[in-house]
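Below is one structure, written out as structure tokens; comments come after it.
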Amino acid sequence: MTVLHVENIGGGYSEVDILKGVELQVSVGEIVTVVGTNGAGKSTLIKAVMGLLPRLAGRILWEGQDIARASTERRLNTGIGYVPQVANVFASLTVHDNLLVVQGVPEVRRRAAEMFELFPALQPLAQRRAGALSGGERQQLAFAMALMSRPRLICLDEPTAALSPALVKTVFDQIVRLPELGCAVLMVEQRAREALQISQRGYIMDQGRVAMSGPAAGLLDDPRAVELYLGHEA
Ligand SMILES: Nc1ncnc2c1ncn2[C@@H]1O[C@H](COP(=O)(O)OP(=O)(O)O)[C@@H](O)[C@H]1O
Ligand SMILES: [Mg+2]
């Protein structure tokens, strides 16, 4: 069953179109990865899904409802989670308090405790100010904050950017578990091969368009995809 259907969307930050007719779907239980060259429009696509793009044409169906004109807050409240490319945490609050201040979450303390189970590295840091965390720890906290509301879809923009190789594996391992928790994943990644290896399907973007798409295993085996987009890791 399709949960998210991005239907032929266009738009951008000004009168210039950055997205030029992008079509994409995510089904229940899926991990879908979007890869592509720098500046292809991957972050812009995620922003469009989250209602953060100033100008947008086309429809975005979320569980069958068109949310293309809904506010970001409404999208978050209807079950879409978001971890931006630059981790958004409250630097002056402790790790624990960052989890407790997530809006609209019932049984917030119990959910926070669940997050410490899901992200054990955060447990010993619970009383530390988020501003004192390393980049990788902050990324995990932003991830945990997005999961507090138990979203049915989470949008991740380069979740492993700037992480050490050991942490990259940890984050990918955490992403793999999300569908079991009832949360489908739409992620943008620079680490194209590694991301596709844990995905069911992939999209390759180039200059605001979907250049190629299909089962992730097929893209990883496609000579043209490998030559043009997947040949070397960033
Ligand atoms: N806030 C912004 N205002 C204007 N142009 C932007 C903004 N963010 C991104 N762009 C432009 O949109 C294009 C796509 O950017 P982006 O979606 O960030 O690419 P990617 O995430 O694939 O690297 C680029 O040409 C970039 O310069
Ligand atoms: Mg980007």
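Because the structure is predicted, anything quoted here is derived from the model rather than measured. All ligand and atom numbering here is 1-based and tracks the order in the structure.
- The single protein non-hydrogen atom nearest to atom 18 (O) of ligand 1 is Ser43 CB, 3.7 Å, given as residue, atom name and distance.
- Atom CZ of Arg109 sits about 14.5 Å away from atom CD of Glu114, to the nearest 0.5 Å.
- In terms of protein heavy-atom proximity, atom 9 (C) of ligand 1 is closest to Tyr13 CE1, 3.5 Å.
- Checking only distances, Lys42 does come within under 3.5 Å of ligand 1, N or O to N or O.
- Closer than 4.0 Å to atom 2 (C) of ligand 1 lies at least one heavy atom of the protein.
- A salt bridge between Arg177 and Asp173 is absent, with no side-chain N of the basic residue lying under 4.0 Å from a carboxylate O of the acidic one.
- Of the protein's non-hydrogen atoms, Ile18 CD1, 3.3 Å is the one closest to atom 12 (O) of ligand 1.
- For ligand 1, the atoms sitting less than 4.0 Å from at least one non-hydrogen atom of Asn38 are 23 (O), numbered in the order shown with element in parentheses.
- For atom 23 (O) of ligand 1, the closest non-hydrogen atom on the protein side is Gly39 N, 2.8 Å.
- Here the Mg ion (ligand 2) is the vertex; the OG atom in Ser43 and the OE1 atom in Gln85 give an angle of 70° (to 10°).
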Checking Arg75 against Ile60 for the side-chain contact (heavy atoms from CB on, under 4.5 Å) test, could you report, in this order, the C-alpha distance in whole Å, the side-chain angles of both residues, the deciding distance, and whether it holds? CA-CA 11 Å; Arg75 296 179 205 209; Ile60 298 178; 4.3 Å; yes

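- Counting atoms of ligand 1 from 1 in the listed order, those under 4.0 Å from a heavy atom of Thr44 are 14 (C), 15 (O), 16 (P), 17 (O).
- For Asn38, every N, O or S atom stays at 2.8 Å or more from the Mg ion (ligand 2).
- Checked by atom type and distance alone, the side chain of Ser27 never pairs as donor or acceptor with a backbone atom of Glu30 at under 3.5 Å.
- Taking any N or O of Gly41, backbone or side chain, at least one lies under 3.5 Å from an N or O belonging to ligand 1.
- Checked against ring-ring contact (aromatic ring centres under 6.0 Å, His included), His5 has no partners two or more places apart in sequence or in another chain.
- Ion pairing between Arg55 and Asp17 holds under the 4.0 Å rule for side-chain N and carboxylate O.
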Residues 182-189, side-chain donor-acceptor partners within the protein, below 3.5 Å, at least two apart:
unit_1, atom_1, unit_2, atom_2, d
Glu189, OE1, Thr160, OG1, 3.1
Glu189, OE1, Arg191, N, 3.0
Glu189, OE2, Thr160, N, 3.0
Glu189, OE2, Thr160, OG1, 2.9

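- Tyr82 and Asn88 share no side-chain donor-acceptor pair at under 3.5 Å.
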